[in-house]
Novice: 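So that we are looking at the same thing, I have put the structure below in structure tokens.
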Amino acid sequence: MSNEMTATDHALDQVLEGGRERYPRLFGAWRLRNTPIRNRVVFPPTCATWVTDGLNGVFTDMAVDYYAERAKGGVGLILMGATHVHASSLAAPLAVGQLFDDRNIEPLRRIAEAVHSHGAKIGIQLWHSGVRGNPFPKTEPSFDPDATWHTVGPSQVPLGEGTGGVTPKELSDAEIEEILDAYAAAAARAVAAGLDGVEFHLSHGYLAWQFLSPLYNKRTDRWGGSYENRLRFPVEAMRRIRAAIGDEPFLGYRINSTSFWPNDLETEQVTRIVADLEARLDIDYVSVSAGVHHAFIHTPMHFEAGWEHQYVKAVKEVSTKPVLMVGRITTPEQAEAALDTGDADAILLARQMFADPEWAIKAASGQGEDIRRCVAANHCWRSVTRGARVQCVYNPTIGREGRWGAGTLTPVPDPKSIVVVGAGPAGLEYARIAAARGHDVTVLEAEDHVGGHAHLQSLLPGREEYRRIGTWLADQARQNGAKIALSSPVLPDGITAMLDTHTPDHVVIATGSRVRADGFQGWTGEPLPGWETGRCVGWDEVVTGQVRPEGNVVVVDDTSDLVAPLVACLLQERGARATVVTRWPMLGIESLDDVYFEWLMPRVYESGIRVVVDHFVERIDGRRTVLHNVHRKGAEQTVESDWIVMVTARTSVNDLHAALADRGVSVETIGDAVAPRSTYEAVYEGHRAARRIK
């Protein structure tokens, strides 16, 4: 830990001290055991994917930059996590860190020094995945042929959250002892690396929770059966951890307040556990979460800020230790209000700290409106569950802090006049960054609002928060000096007028993509036969109110994401009778990885929508749509269709590029105008292109 603070760090301290006037509780100093902490903003354990690979789990320089960025942003405490304590815990495709050998001591030392140099404190979460592991990477022929090809757990209870019913090996008494010792050894490594403390992972359905819960623990020996026996594993683990780290570092634990899962532990049982753990152990805090995976750990965007308050309050009533609270908190006002109740002692900002690592310094300096608020799109979790590093749907700097972090934008010596055509996520991010670098930027938008496809998404039921992406990007672009002209379309025959008016040095085409009303898709590579005979419209026309389908409406779903089911819900709300037809075996396949499926399907069933899976449109004949079973040749059915709403392919809108290039104009195309994708790619490409322009 460095004893010298830079001028920037002194300025940061002054800003954070000023924050106590605005938010006295949030920016009040506190202690965990012997560790003073400058404020009550905590970055909790999240997927620490900044490692070499999933099997080795050695932290890289990306991790140093990532955690340093959040320390520079003013956070008081960082808790890294989750971190494997034993090789049997490997949970691919989650590529996260490990502490089951000494290779991470030096990388963790570099992380701790970087965090400490900016005035924050740091701990690490100790974790074993149990049945939620995944040994698949170890089956690769080049890997150790003696590696085990199974998960482990207290009992052979299949994992109920996914298909396949993965069943673990039941741990023997000797194996349990080995894992308990591994927790202690991992904790000792963390302290040896210079971290301030450790956190025991006792939540979210992982191994320690599996021992606690009668859902997973069917043992009849000293590790199961009675309450006392089920409590033995976490008690013994934390006793050994404390013995390994000594008296100086802090030791806390994270636990579910409730699980939202049949036959699992709920709040009444958890509060008893909390009280008993504190009576038996030398611990310093309890961090309260909720849910097992795919049951509201990563809550949807319609959840209210601080929604876990009632659960945290129940724990606070039985705890004598500081209680840490999480739950969709995105603004300093929400955080201060949560602390004001006295039911929590610190605020955990997880996804919010992905979105904006400078949250604390913005809040303290009275710039709360500048915070890039998390919209709970859950792209972060989607990217991790697919084996990639954690990412944010509209913060492209995450994981790229060393190149793109705070303070890396360089002013240009020779500012250019730039016209951006399109105020969707790609165009707005380009404008925000290019203007910040000193360019003279004008954005021309055909619609009377900003946001592009992000605005369209926000018009779906329960997705209103998504609008914030476009409005935040636009507000920040304007603050940086960009001009945004709405209701200002640029058509091919208007290029001359646009060039004469703005005389740009460079033009950026960010015109996005359009929904195909003819049902074009990749199954046949053609529009749907007979589409011109029916009343066929794109889903965008429905959500914007350009058309209001009535009667029997068929929604053709070829994307299997949230859009078709939510469009059908909207139609039902407006009085239509909606049928969703998809060639896929279920609705919302794409929503499984971002944990929206558990919220989506109840809404579908409550709306009374008719769902036809495994079927595709054979032909449209006026107000009759003929479907065929994609798995059974010749099996057809006909549905009445006063309207047909297409949730099928999108096509890039980029006809301006060639016309400008032919005139010798400097031009580039970004976002969906290159190829229709998601908000993440659009914002990333806008950011990258704006950094490149000289």
Novice: Please verify the inter-ring angle class for Phe43 with Tyr67; under 30° counts as parallel, over 60° as perpendicular, anything in between as tilted.
Specialist: tilted
Novice: Closest approach of Asn39 and Leu26, non-hydrogen atoms and distance?
Specialist: CB-O, 3.5 Å
Novice: Are there over 12 heavy-atom neighbours, none belonging to Glu228, within less than 6.0 Å of that residue's CD?
Specialist: yes
Novice: Determine whether a donor-acceptor pair (N or O, by modelled atom type, separation under 3.5 Å) exists between the side chain of Arg110 and the backbone of Val64.
Specialist: no
Novice: Let me know which of Glu236, His128, Met238 forms a side-chain contact (heavy atoms from CB on, under 4.5 Å) with Leu180.
Specialist: Glu236
Novice: Show your reasoning for whether ring pair (Phe, Tyr, Trp, His ring centres under 6.0 Å) applies to Trp404 and Tyr684.
Specialist: CA-CA 11 Å; Trp404 287 2; Tyr684 174 84; 5.4 Å; yes
Novice: Which atom pair, heavy atoms only, marks the closest approach of Ala71 to Ala120?
Specialist: CB-CB, 3.9 Å
Novice: Hey, does Val198 have a side-chain heavy atom less than 4.5 Å from the side chain of Leu79?
Specialist: no
Novice: Answer yes or no: is there a donor N or O on one side and an acceptor on the other, between the side chain of Asn256 and the main chain of Gly205, under 3.5 Å?
Specialist: no
Novice: Centroid-to-centroid, Tyr253 to Phe200, below 6.0 Å?
Specialist: no
Novice: Would a 4.5 Å heavy-atom cut-off, applied to side chains only, mark Leu339 and Ile347 as touching?
Specialist: yes
Novice: Counting only heavy atoms not in Asp282, do more than 12 fall under 6.0 Å of its CG?
Specialist: yes
Novice: Taking Lys169 first and then Glu175, would you say they form a salt bridge - that is, a charged N and a carboxylate O separated by under 4.0 Å?
Specialist: yes
Novice: Sub-3.5 Å donor-acceptor pair from the side chain of Asn378 to the main-chain atoms of Trp381, do we have one?
Specialist: no
Novice: Is the distance between the ring centroids of Phe100 and His84 under 6.0 Å?
Specialist: no
Novice: Measure from the side-chain N and O atoms of Asp264 to the backbone N and O of Ser259, and report whether any donor-acceptor pair falls under 3.5 Å.
Specialist: no
Novice: Do Arg25's NZ or CZ and the ring of Phe27 fall within the cation-pi criteria of under 6.0 Å and 45°?
Specialist: no
Novice: Check whether any side-chain N or O of Ser155 sits under 3.5 Å from a backbone N or O of Val157 as a donor-acceptor pair, and report yes or no.
Specialist: no
Novice: Side chains of Arg240 and Asp181: does their closest heavy-atom pair fall under 4.5 Å?
Specialist: yes
Novice: Do Pro234 and Leu212 come close enough that some side-chain heavy atom pair is under 4.5 Å?
Specialist: yes
Novice: Mind checking whether His118 and Asp13 have side chains closer than 4.5 Å, heavy atoms only?
Specialist: no
Novice: For residues Ser257 and Glu308, is any side-chain donor paired with an opposing acceptor at under 3.5 Å?
Specialist: no
Novice: Test your reading of the model: is there a side-chain donor-acceptor pair from Gln391 to the backbone of Ile398, 3.5 Å cut-off?
Specialist: yes
Novice: Examine distances only and state if a side-chain atom of Gln352 and a backbone atom of Cys374 form a donor-acceptor pair shorter than 3.5 Å.
Specialist: yes
Novice: For the residue pair Thr148 / His150, report whether a side-chain donor-acceptor contact shorter than 3.5 Å exists.
Specialist: no
Novice: Any donor and acceptor pair, going by atom type alone, linking the side chain of Asn56 with main-chain N or O of Val58 inside 3.5 Å?
Specialist: no
Novice: For a 4.5 angstrom cut-off between non-hydrogen side-chain atoms, does Met353 reach Val41?
Specialist: yes
Novice: Answer whether the closest heavy-atom distance between the side chains of Tyr227 and Arg272 falls below 4.5 Å.
Specialist: yes
Novice: With a 4.5 Å heavy-atom cut-off, do Arg38 and Lys121 have their side chains touching?
Specialist: no
Novice: Only one of Arg386, Arg351, Arg382 clears salt bridge (charged side-chain N to carboxylate O under 4.0 Å, His left out) with Asp594; which?
Specialist: Arg382
Novice: Is the NZ or CZ atom of Arg372 both under 6.0 Å from the centre of the six-membered ring of Phe354 and within 45° of that ring's axis?
Specialist: no
Novice: For the NZ atom on Lys321, are there more than 12 heavy atoms of other groups (residues, nucleotides or ligands in this structure) within a distance under 6.0 Å?
Specialist: yes
Novice: Please test Tyr206 against His201 for ring pair (Phe, Tyr, Trp, His ring centres under 6.0 Å), starting from the C-alpha separation and ending with a verdict.
Specialist: CA-CA 8 Å; Tyr206 292 113; His201 200 325; 5.2 Å; yes
Novice: Salt bridge between Asp65 and Arg400, side-chain N to carboxylate O under 4.0 Å?
Specialist: no
Novice: Could you tell me whether the side chains of Trp223 and Asn229 share a donor-acceptor contact shorter than 3.5 Å?
Specialist: no
Novice: Please confirm whether the backbone N or O of Ile122 pairs with a side-chain atom of Asp196, one donor and one acceptor, at under 3.5 Å?
Specialist: yes
Novice: For Thr49 and Val96, indicate whether the former's side chain and the latter's backbone hold a donor-acceptor pair under 3.5 Å.
Specialist: no
Novice: Taking side chain to side chain contact (heavy atoms under 4.5 Å, CB included) as the test, write out the residues that go with Ala29, two or more places apart.
Specialist: Arg20
Novice: Could you verify whether a donor N or O on one side chain and an acceptor N or O on the other, from Glu317 and Thr271, lie under 3.5 Å apart?
Specialist: no
Novice: Using side-chain contact (heavy atoms from CB on, under 4.5 Å), reason through Arg239 and Arg280 one step at a time and then give a plain yes or no.
Specialist: CA-CA 9 Å; Arg239 277 180 179 160; Arg280 303 178 191 196; 4.3 Å; yes
